[in-house]
Every structure is written in structure tokens, then in C-alpha cells.
Number of protein chains: 2
Amino acid sequence: MPTPPAYLTIAADLRAAILSGELPAGTKLPSESGLMRQYDVSRTVAKWAIAVLKGEGIVEGRAGSGVYVRDTTRLVRHARGRDVRSGDGPTSPFARDAAGAGQHGTWEHHSRHEQADERIAARLGIEPGAPVMRTSYRFLADGEPIQLSVSHEPLALTKDTPIEWPEDSDVKGVVTRMDAIGVRVDEVVERVSLRSATAEEVEALNLPARTFVHTIERTYTAGGTPVETAHIVLPGGRYDLVYRLPID
Amino acid sequence: MPTPPAYLTIAADLRAAILSGELPAGTKLPSESGLMRQYDVSRTVAKWAIAVLKGEGIVEGRAGSGVYVRDTTRLVRHARGRDVRSGDGPTSPFARDAAGAGQHGTWEHHSRHEQADERIAARLGIEPGAPVMRTSYRFLADGEPIQLSVSHEPLALTKDTPIEWPEDSDVKGVVTRMDAIGVRVDEVVERVSLRSATAEEVEALNLPARTFVHTIERTYTAGGTPVETAHIVLPGGRYDLVYRLPID
DNA sequence: TAGTGGTCTAGACCACAAT
DNA sequence: TTGTGGTCTAGACCACTAC
């Protein structure tokens with residue numbers, strides 16, 4: 001049996017203490033000098049041990065202060081097939097998910113007209129260059145940024161209707177809004193991937209560097225025609241995705 | 001504007017070369033000594049730069065040989081609501097997904113009787129200690145391990161039926177098998193999370209250390225009664241998950 | 001045998017936090 | 001002012017790979 005390297009042993013000890021609840025969220029980890037004394041290793045080894053935990057996203061360094069256990073409470077994003085429209089008023093799907101976790105959901109948005117680039121055109125089944133409404137969102141739970149999204153809708157569908165500007169409408173959610181102009185959305189396809197966060201995402205979501213995110217490419221269709229497509233970014237480890245699918 | 005640290009600059013350069021296709025999968029990265037000369041930095045800095053890319057899962061070190069760009073072709077796992085049963089014979093859902101990516105899907109399995117622990121009992125809506133069939137799977141695409149799964153079914157439902165031992169049946173897939181004993185599965189719920197791989201998963205899936213995985217908790221129900229629950233582990237970055245949901 | 005990455009030591013300077 | 005983490009240098013030994 002080869003002895004595991006010291007930095008992995010230290011990382012495993014700290015990880016166990018965190019997962020067992022012995023070091024709850026917000027707690028400061030032993031300092032690097034503390035670990036050096038405790039395990040009789042050099043500072044480099046202590047640093048590599050902490051780098052492992054940072055890479056796992058369970059601790060966060062604050063320069064000049066210390067390394068702290070991150071909050072791991074998770075929001076749940078529900079993708080419902082049924083009852084998406086069983087609306088209780090103007091509440092958005094995101095606000096509903098946040099409420100489900102006992103948090104207050106708000107969001108910032110910015111809409112503008114745009115010409116579809118190749119990727120968006122392919123997803124919407126339209127010609128590149130065709131006019132689309134682009135809306136970018138930043139969602140916040142209790143004031144903390146928690147989700148990014150960029151949505152595109154073909155203006156051929158919504159131009160000069162009451163829902164042309166998504167957030168000026170008094171109904172929220174793609175399905176409900178489309179219904180208001182007589183478009184019956186009957187299917188949504190989501191493609192979930194995992195990758196490390198980009199610098200912009202780290203900035204916008206207030207993440208520690210080099211953490212992982214879920215990305216979702218979502219497209220709503222009505223009778224086979226795409227009516228909206230969105231690129232959604234969710235911090236990994238802070239979000240669970242729940243899918244409820246009817247069979248047959 | 002603060003200058004970014006050297007190791008991040010180097011990591012960004014290498015990442016750009018990889019993503020642009022300049023360094024395709026399987027290519028060897030410049031050696032640490034090469035990076036030291038090229039950027040005029042110490043070995044530690046070269047090492048941290050490569051550690052960033054390892055943490056992102058896009059390169060892989062082979063001791064004594066070099067650091068190599070990992071293959072990023074992605075398998076797609078389809079979670080279908082409709083037409084799950086539009087069976088083309090005894091093909092399993094996994095084999096279908098693998099075929100969709102032009103790969104050959106095979107799997108290893110091991111079934112045994114067991115008593116439900118608290119977690120499994122809660123997911124199946126039965127009493128802790130009740131008998132269940134536990135089946136663990138390791139799925140392979142073109143011989144490479146690509147997915148782990150542990151499934152539990154209540155024996156109260158399947159005992160002494162032709163499908164009691166999941167893999168001895170000549171039909172595959174939970175929906176099809178349950179149908180064979182008159183149980184009409186009508187809903188599946190999947191909860192998708194993201195976390196770093198455990199040591200066992202690194203071993204079983206032949207992953208580089210400290211990479212991320214999707215985990216899925218999946219439960220099939222028939223008329224509101226759970227009939228199967230599974231814990232599925234998929235390497236992040238090698239798998240995309242696609243969900244197709246009908247609306248209303 | 002020469003080169004490689006994996007691990008580790010023993011220092012250094014800096015900006016920032018806590019006090 | 002002291003301690004902290006962030007970054008970096010300049011070495012070392014080892015096991016392993018490739019030749």
C-alpha cells in the first residue's frame with residue numbers, strides 16, 4: 001500500500017470535518033501556519049491541501065483573513081412538464097423556486113433587439129441575421145446572485161404584440177406569455193452540461209475562482225416550432241435541478 | 001488594472017490553444033521545463049498553471065511522461081418522457097444513447113437481495129428494513145467506463161415474478177420490465193446535482209483525480225407509488241443530459 | 001540514461017484584514 | 001502592527017516513461 005501524499009491526507013481530514021458538520025458553513029479553517037505545525041509539513045503542502053478543497057468548491061479563501069467553509073444550502077430549480085401554467089398570478093418560475101427554498105427571489109434584466117447569430121439562428125430554426133429579442137437576466141435569492149440567463153425570442157413571432165418586451169408584460173414565464181398571444185407551447189428541451197466557470201461568470205455570480213457551473217440550453221417549441229431559447233448558468237453545488245417527466 | 005498572476009496567464013494561453021483546436025485531444029502539453037523557459041517563471045508557477053487546467057478537467061497528467069489534452073467528446077443521456085416504451089426490441093436505454101454517439105454500449109451488473117436502509121426506504125416509500133433488490137451497474141462505451149448506477153426495487157413488487165432479477169429478464173429498462181408484470185410506470189423524477197468525484201468513483205470510472213461528476217437521483221413511480229430508485233454518477237464534461245418535457 | 005511529472009522543503013515579497 | 005493568504009523563487013528526491 002503506497003502512503004497517500006501528505007497534502008491529500010490533510011485535505012481528506014479537513015473535508016471529513018466539514019462534511020460531518022464539525023466545521024459548519026462560515027467557519028474559518030486552521031491557518032496555513034497552523035496546518036504546518038499540526039502536520040509538520042511545509043507551507044507548500046498546506047497550500048496544496050487547501051487548493052484541493054477550493055477546487056471542490058467547499059472552501060473559499062479571503063486574502064488577508066483566512067479560508068472559510070462555504071455555504072452549501074442548495075436551491076432547487078424545478079423543470080415541470082405538467083402544470084407550468086397553473087399560474088398563481090404573475091409569479092415567475094424563478095420566484096416560485098426561491099420561495100420553495102424559503103428565499104426571496106428577485107431579478108435584473110436587460111432587453112434589446114438583435115440580429116440572430118448562427119448559433120441562435122440554428123436553435124430557433126430561423127435565418128442568421130433575422131431579428132430577435134435578446135434578454136439577459138441575473139437572478140438573485142435574498143439579494144445574492146444565483147443564476148444567469150440569456151434568452152432569445154424570434155421577433156417574427158412577438159413583434160408588436162403585448163409580450164414583445166418580455167419584462168414589460170404583466171405575465172411572466174415563457175409558456176404563459178406565449179399563451180397570451182395564442183401560441184400554445186407544448187414542449188421544452190433542456191440540455192444540461194457541466195464546465196468550469198468563465199471569468200465573467202465568476203464576476204457576475206460572485207463565485208470563488210475556478211468553480212464549476214451547470215449550463216442549460218433550453219428551447220421551448222410550439223407545434224415543433226421553436227419560440228424561445230435560453231442559455232442558463234447555475235453555480236454547481238448551490239443548485240439542484242429537478243425534472244419531473246410523465247411517461248407515455 | 002491589476003496584472004493577473006502569471007500562472008493564470010499561462011493557464012489561459014494553454015486553455016485557449018486547447019479550445020481553439022490548436023492542441024487537439026491526446027496532444028502533449030509543453031513540459032514544465034518548457035513552460036519555465038517560455039514564460040521565464042519558476043517550476044512552481046508552471047505547475048500551478050497546469051493544476052488549474054487539471055482542475056477544469058481538460059488535461060490529464062501521466063507521471064513520467066507528460067500532460068495530455070483530454071478527450072472531450074460527449075455522450076448524451078436522453079431522458080425521454082414520451083416514447084420510452086416505443087421499444088425496438090431488447091435494447092437498453094443506455095445502449096441506445098451510446099449508439100446515438102456512434103459508440104458500442106455494454107455494461108457489467110451485480111444484483112443481490114438487501115434490506116432497505118433509511119435513505120432507500122424513504123425514496124421508495126417503504127419501511128426501513130424491507131427487502132429490496134439492489135443492482136449495481138457499470139456502463140461502458142467502446143469498453144471505457146462511462147457511467148455508474150445503483151438501482152433499488154422493492155421486492156414486495158417483483159418477488160417471484162419474471163423480472164425479479166433485473167438483468168435475467170429478456171427485456172431491459174424499468175418501464176418495459178414493469179409493464180411486463182402489469183405495472184404501468186407513469187412518471188419519473190430526476191434530481192441532478194454536481195459534486196467532485198469520490199475516490200471510489202475516480203477508480204471505477206478511470207477518472208483523473210479531483211474531477212467533477214453529475215449525480216442523478218432517479219425515481220420511477222406508477223400511480224404515485226415508487227417502483228424503482230437509482231443513484232447515477234456521470235463524469236462531468238464527458239456527458240450531456242437532455243430532457244424533453246411535454247407542457248401541459 | 002535522460003526527461004518527465006509528483007511531491008516536498010525553505011525561504012521571499014506583497015496586499016489586505018483584523019486589531 | 002501582526003497575521004493572513006496570494007504569488008513566486010530555487011532548489012531537492014523519487015518513481016516512472018521513453019528510448
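Scope of the values below: all heavy atoms of this structure, side chains included, with no hydrogens, waters or symmetry mates. Just so it is clear: chains get the letters A, B, ... in the order the sequence lines come, proteins before strands, and each one is counted from 1. Predicted model only: the values in this text are computed from it and were never measured.
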Could you go over nucleotides 15-19 of chain C and give all protein N or O partners under 3.5 Å, atom names and distances?
{"from": "C:dA17", "atom 1": "O4'", "to": "A:G64", "atom 2": "O", "distance (Å)": "3.0"}

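Stacking of B:R62 on the aromatic ring of B:Y68 is recorded, both the 6.0 Å distance cut-off and the 45° axial limit being met.
Distances shown here put a side-chain N or O of B:Y7 below 4.0 Å from the OP1 or OP2 atom of D:dT7. The side chain of B:K54 places an N or O atom within less than 4.0 Å of a non-bridging phosphate oxygen (OP1 or OP2) of C:dG6.
Nucleotide D:dT17 holds its P atom 13 Å from the CD atom of B:E60, rounded to whole Å. One can place CG of B:L35 at 12 Å from C1' of C:dG5, the figure rounded to the nearest angstrom. When the P atom of D:dT4 is taken as reference, atom CG of A:L29 falls 13 Å away, rounded to whole Å. For the pair B:K28 NZ and C:dT4 P, the computed distance is 6 Å after rounding to whole Å. C:dG6 atom C1' lies 15 Å from atom CH2 of B:W48, rounded to whole Å.
Aromatic pair A:W165/A:H113: ring centres closer than 6.0 Å.
Here the rule is salt bridge (charged side-chain N to carboxylate O under 4.0 Å, His left out) with A:R123, and of A:E118, A:E217, A:E228 only A:E217 fits it.
Between B:Y137 and B:E108, the side chains place no donor N or O within less than 3.5 Å of an acceptor N or O (distance only, hydrogens not considered).
The neighbour count for B:D168 CG, taken as heavy atoms of other residues, nucleotides or ligands under 6.0 Å away, is above 12.
Taking the six-membered ring for Trp and thresholds of 30 and 60 degrees, A:H214 and B:H214 have nearly parallel ring planes, at less than 30 degrees apart.
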Point to revise | Footprint string (nucleotides 9-14 of chain C, 5' to 3'): B base within contact, S backbone only, - free, heavy atoms under 4.0 Å | key: BB-B--

